[in-house]
There are 2 protein chains.
Amino acid sequence: MDIEPELCRVEDALDILVGKWKPIILLHLLKNGTQRFSELKRHVPGITQKMLTKHLRELEEEDVVERVVYPQVPPKVEYSITEYGKSLEPILAAMHEWGTKHVLHKQQKIKQQPSS
Amino acid sequence: MDIEPELCRVEDALDILVGKWKPIILLHLLKNGTQRFSELKRHVPGITQKMLTKHLRELEEEDVVERVVYPQVPPKVEYSITEYGKSLEPILAAMHEWGTKHVLHKQQKIKQQPSS
DNA sequence: TCCTACAGTATCTTTTTGTATACTATATAA
DNA sequence: TTATATAGTATACAAAAAGATACTGTAGGA
């Protein structure tokens, strides 16, 4: 690797990705395209409206997600990944791939230490 | 991309990488190899002993970092990346690369909105 | 007339994360 | 004798993140 720890920009990516619900929100938008607020809420079980709003606002602030409001009643708001946001895909893919192996690693660890 | 959000393992990677000082600790160990506690402390400016200890313990718990204690006085404890830990490199590299571009993106954004 | 869907806010509490500071033991050096 | 380096621990505190719950306005349907 060729990252000078002093010039490390890993944090910049983490700043955007970190948040209990952000990865799954991004994955949904990447996979399913444009989604309404309520669709996201349904697809992310357990999330509260407050958290969904907060994380979407933060992702929007970073130009990773776009928010389009339709002046209707009842309201309609659509969220989608921006072109810039799509550049996060390789990171998410790398993390997912690693995570998949990590599950196996943890299972092996438990087998090796059955008495705890 | 081919990640089913329902089977998403991105969080597994984030769990390990998230923490104010974890990426820089990992980068130091990856780049400089085995390091003593005090060396790490010197190379990570601003970190307190408690945080360094805590993060190292968590990384050790995940088998990403190895801790070797020499029975000496004054104490000597060495930390190094495990083989398993090295598998995190592509993720860190992807994030660093993205972060480097992100800096430029932010600069362009500021240029476009000079009045705020 | 009351209820529901929609996309949120507002307020409060809990949990997690990080900071600050003082303290430990002991071999060695000045 | 006193100070220093080492690798921590203990305690208190502050800040950030997340959760729980109640509330808003309004068109359309039963």
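So you know, we letter chains A, B, ... as the sequences are listed, proteins then strands, and number each from 1.
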Using five pairs at each end of the helix from C/dT1-D/dA30 to C/dA30-D/dT1 to define an axis, what is the angle between those two axes, to 10°? 20°
Any salt bridge (charged side-chain N to carboxylate O under 4.0 Å, His left out) involving residues 28-49 of chain B? Give me the pairs, sequence neighbours left out, ordered by first then second residue. A/Glu4-B/Lys31
Of all heavy-atom pairs linking A/Thr34 and A/Ser80, the shortest is OG1-CB, 3.5 Å
Measure across B/Pro45 and B/Trp21 and return the closest heavy-atom pair with its distance rounded to 0.1 Å. O-CZ3, 3.7 Å
Contacts of type side chain to side chain contact (heavy atoms under 4.5 Å, CB included), residue B/Lys20, not counting sequence neighbours: none
Applying a strict under-4.5 Å side-chain criterion to I, L, V, M, F, W and Y, I'd like to know whether B/Val103 and A/Ile3 cluster together. no
Over all heavy atoms of both residues, which pair between A/Pro5 and B/Ile24 is shortest? Give the atoms and the distance, please. O-CD1, 4.0 Å
Below 30° counts as parallel, above 60° as perpendicular, anything between as tilted: where do the rings of A/Tyr79 and A/Phe37 land? tilted
Let's go through B/Arg57 and B/Glu61 carefully: what are the C-alpha distance in whole Å and the side-chain angles of both, what is the deciding distance for salt bridge (Lys or Arg N to Asp or Glu O under 4.0 Å) to 0.1 Å, and is it a yes or a no? CA-CA 6 Å; B/Arg57 288 291 192 288; B/Glu61 181 63 24; over 6 Å; no
Exceeds 12 heavy-atom contacts within 6.0 angstrom, atom CD of B/Glu58: yes
Contact check, residues 7-28 of chain B vs DNA chain D, heavy-atom distance under 4.0 Å, returns none
DNA chain D contacts made by residues 33-52 of chain B, counting heavy atoms under 4.0 Å: B/Arg36, B/Phe37, B/Ser38, B/Arg42, B/Gln49, B/Lys50
Which two nucleotides bound the region of DNA chain D that has atoms under 4.0 Å from heavy atoms of chain B, read 5' to 3'? D/dA5 to D/dA12
For chain B, the stretch of DNA chain C it reaches, first to last nucleotide, under 4.0 Å of its heavy atoms: C/dG18 to C/dA27
Looking at residues at least two apart in the chain, or sitting in another chain, which of them share a side chain to side chain contact (heavy atoms under 4.5 Å, CB included) with B/Val69? B/Arg67, B/Val77
Contact list please: residues 63-81 of chain A against DNA chain D, heavy atoms, distance less than 4.0 Å, in numerical order. A/Val73, A/Pro75
Identify the two heavy atoms, one from B/Arg9 and one from B/Asp12, that lie closest to each other, and give their separation to 0.1 Å. NE-OD1, 2.9 Å
Given B/Leu26, B/Leu17, B/Leu92, the one that forms side chain to side chain contact (heavy atoms under 4.5 Å, CB included) with A/Val10: B/Leu92
Salt bridge (charged side-chain N to carboxylate O under 4.0 Å, His left out): pairs with one or both residues in residues 69-80 of chain A, sequence neighbours excluded: A/Lys76-A/Glu78
With sequence neighbours excluded, tell me which residues meet side chain to side chain contact (heavy atoms under 4.5 Å, CB included) with B/Val73. none
Counting heavy atoms not belonging to B/Glu83, are there more than 12 under 6.0 Å from its CD? no
Is there a side-chain contact between B/Tyr84 and B/Glu62 in this structure, where contact means two heavy atoms from C-beta onward sitting under 4.5 Å apart? no
Please identify each residue that fulfils ring pair (Phe, Tyr, Trp, His ring centres under 6.0 Å) with A/His28, with sequence neighbours left out. A/His43
